[in-house]
Amino acid sequence: MFKTLFYGVLIVLASTLSEAGSSNMKDQVKEVVLDNGMRVLLVNKPGAPNIAAGWVAHVGSANERPGITGISHLFEHMMFKGSPVIGTKDNQLDSQIRQQLDDIRQKMFDEEKNYRDQFRHGVGKSISDPALETDAMKALKVEFEKLIKLQRENMVKDEFASVYTEAGASGMNAFTNQDMTVYFIQVPKNKLEFWFWMESERLFQPVFREFYSERDVVFEERRMRTESTPSGVQNEVFESLFWRGSSYAWPVVGWPSDIAAITREQAENYFDVFYAPNNITVGIVGEIDLSQAEELAKKYFGRIPAGKELPPEVITDRTSQSGEIFYKAEVDAPPSASVAYHTTAFAAKDDPALQVLASVLSGKTGRLYKRLVLKDKVATSTYASADGRKYDGMFEIVANGSSETDAETLREIILEEVEKIKVDGITATELQRVKNNLSASKFRRVRENFQFLIQLLYFDGLRNWNIMDDYFENILNVTEAQVQQVAKDYLTADNRGNKLYSRKKDATPEDPELSKFDDQQKQMIKQMMTRVKTVPVDKINTVITQLQSAMGQAPEKAKNAMLYIIKKLQLKVSQ
């Protein structure tokens, strides 16, 4: 989602040209470096009543290691739990309960170590097999649940969010990917100091309240996004093959066994290193007094002590592939083919040409759609992406097939189109179309503070915000010859991974009514239908009512999908 969002705002690099009187981003951003090493990016952009504000912690799943995979994403959840003065009725009691939970959880970990040893020696189906559970573990679980209940009774649920809402803020959210964790919100422009206090509070005095129960939320998120989707688990397998040896080989959400084993002590140590102010960049975009904002940054963020140690460097790189990778699987979905190539890191020398190549292939005017969907009629959708990350990159071409085709056919046609570009290059018309689209998008997206903020933080998370001017210019200066050359250099067989999905032979035929939805809507529908399968019949009407209430604020595409789900649920109730 956020990769798409980033690509949509990629070309906002000359934003507010007429308003600010400069085409150079560096002239519009004031960077302040605090004594503790935190960098603060300030942009005065008059007009809107709200200010977009947020910060990026330069840490993602690539900074993890086996044993604690998923901890970066878990932090995204934990950072909304408040502080000693937000989120609890009695902080002293809350602190005592957290310590008691840690003590009990350590005893449970000791028991689980024995389960793990037994499972590895052939006893039990998994470490969570009830047959392995001891009387000691059962007693610990009872004591643990009593403390969890007491903790929740002492909490002020979601107070961090509600305090913001009462102050007129909106859109509070965060995201974690392989290379960064970003937090953002929009607040009224007269609440700037309030924002500084709130954000510095959760960094200065973090409390990992509900730490162990929050891991259950992450498990559920993983189940919904991975296990409950037609190809989620298979995608993880392919990624681990493709990124062999790299810290991009594990999923952002983490491996299940690691999520279950992370301790609060490990989380606190991780926080001390990666959430130290010298590893954070703050961004504020809106109608602000630059001098006042700088003083507020020093007052609130400046009170946070610098980290005692620098974050360790990411050293391990993927191993040489030395041959083409094929991963084939059956899924409960139409056939599809994905052809992926290893490339370069974000903003590297060849990244701009790879971005242009992806644009030439993508969209309804792109080569893939014209060939696979319109001409050969073997696919329902196609896309290509140049995914430049902080330490490496991937170029991926995807075709989702119609029910009558097969994955091998899709792959062959994709490779034919790749070969055409390698041999003949692209046309001047195609190149100009891409550049025109970039320029047009620039003017459509320059005015929103939020998009301005996201691009600042995203660029800084990958490299540094101040490369944005050069990066945009490099894309606009890409030549036809450069696009052909990167295709020759990177889109080779020995550099390629193929992910081929065929429909399960016993899969349930797709409902003809789903044909009117795009792939994103279908995925949403299938996830929701999988989830409601477990809802008792007598509770379905409650689910229907909840969906109907939520439709008012849902995007149009989501509304259509929700109407489909409601219709199917109503049919289930009537049977």
Side-chain angles (χ1 to χ4, degrees), residues 1-9 170-175 177 217-236 251-253 331-336 338 362-364 368-369 372-373 379-383 385 398-405 450 501 503-504 507-575:
M1 172 183 169
F2 282 95
K3 175 61 68 176
T4 304
L5 174 63
F6 163 68
Y7 189 76
V9 300
S170 62
M172 183 178 71
N173 213 330
F175 68 87
N177 64 20
V217 175
V218 173
F219 264 114
E220 175 64 12
E221 185 176 334
R222 179 188 163 81
R223 189 185 72 81
M224 288 298 298
R225 294 185 179 183
T226 304
E227 279 88 354
S228 296
T229 59
S231 58
V233 174
Q234 289 85 352
N235 289 339
E236 281 189 345
V252 173
V253 73
V331 299
D332 190 7
S336 65
S338 172
S362 293
K364 292 192 174 181
L368 295 174
Y369 191 88
L372 287 118
V373 180
T380 57
S381 62
T382 62
Y383 70 86
S385 66
V398 177
N400 297 303
S402 58
S403 299
E404 296 75 23
T405 190
F450 172 73
Y501 292 157
R503 181 184 280 279
K504 285 184 179 178
T508 304
E510 184 171 276
D511 184 349
E513 288 187 50
L514 287 175
S515 61
K516 65 183 179 181
F517 298 108
D518 62 26
D519 293 335
Q520 186 178 14
Q521 290 171 307
K522 286 180 182 178
Q523 184 177 359
M524 172 189 169
I525 289 169
K526 289 176 180 178
Q527 287 181 353
M528 283 293 297
M529 294 306 294
T530 299
R531 189 167 188 173
V532 298
K533 280 180 182 178
T534 61
V535 177
V537 175
D538 61 336
K539 302 291 185 183
I540 289 180
N541 281 324
T542 302
V543 175
I544 292 172
T545 302
Q546 291 172 341
L547 286 170
Q548 290 171 332
S549 300
M551 280 185 61
Q553 298 180 354
E556 200 61 38
K557 289 177 66 174
K559 285 181 182 178
N560 294 331
M562 292 165 76
L563 284 171
Y564 172 90
I565 295 167
I566 290 170
K567 177 182 175 181
K568 294 299 179 183
L569 291 177
Q570 290 172 334
L571 182 63
K572 185 176 180 179
V573 172
S574 65
Q575 290 176 340

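All values reported here derive from a predicted model rather than from experimental measurement.
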* Locate the shortest heavy-atom distance separating S403 from P335; write the atom from each residue and the value. => CA-CD, 4.4 Å
* To do: Any chance you could measure I544, atom CD1, to Q570, atom CD, to the nearest 0.5 Å?
  => 5.0 Å
* Asked: Ignoring hydrogens and geometry, is there a side-chain-to-backbone donor-acceptor pair from T380 to N400 under 3.5 Å?
  -> yes
* **Taking every non-hydrogen atom, the tightest pair across M224 and T229** => O-CG2, 3.5 Å
* **For V252 against N177, the heavy-atom pair lying closest together** => CG2-C, 3.8 Å
* So, R222 and E236, do they make that salt bridge, N to O below 4.0 Å? -> yes
* **For the student: nearest non-hydrogen atoms of V331 and S231, plus distance** => CG1-CB, 4.0 Å
* To do: Could you walk me through whether E227 and V233 pass the side chain to side chain contact (heavy atoms under 4.5 Å, CB included) test, one step at a time?
  => CA-CA 6 Å; E227 279 88 354; V233 174; 4.2 Å; yes
* **Between CG on residue L569 and OG1 on residue T545, distance to nearest 0.5 Å** => 10.5 Å
* **Trace of the side-chain hydrogen bond (donor to acceptor under 3.5 Å, both in side chains) decision for N235 with Y501** => CA-CA 10 Å; N235 289 339; Y501 292 157; 2.6 Å; yes
* Of all heavy-atom pairs between A379 and V373, which one has the smallest distance, and what is that distance? -> O-CG2, 3.5 Å
* In Å and rounded to the nearest 0.5 Å, what is the CZ to OG distance from F450 to S170? -> 10.0 Å
* **Atom pair CE/CD1 of M562 and I566 - distance to nearest 0.5 Å** => 6.0 Å
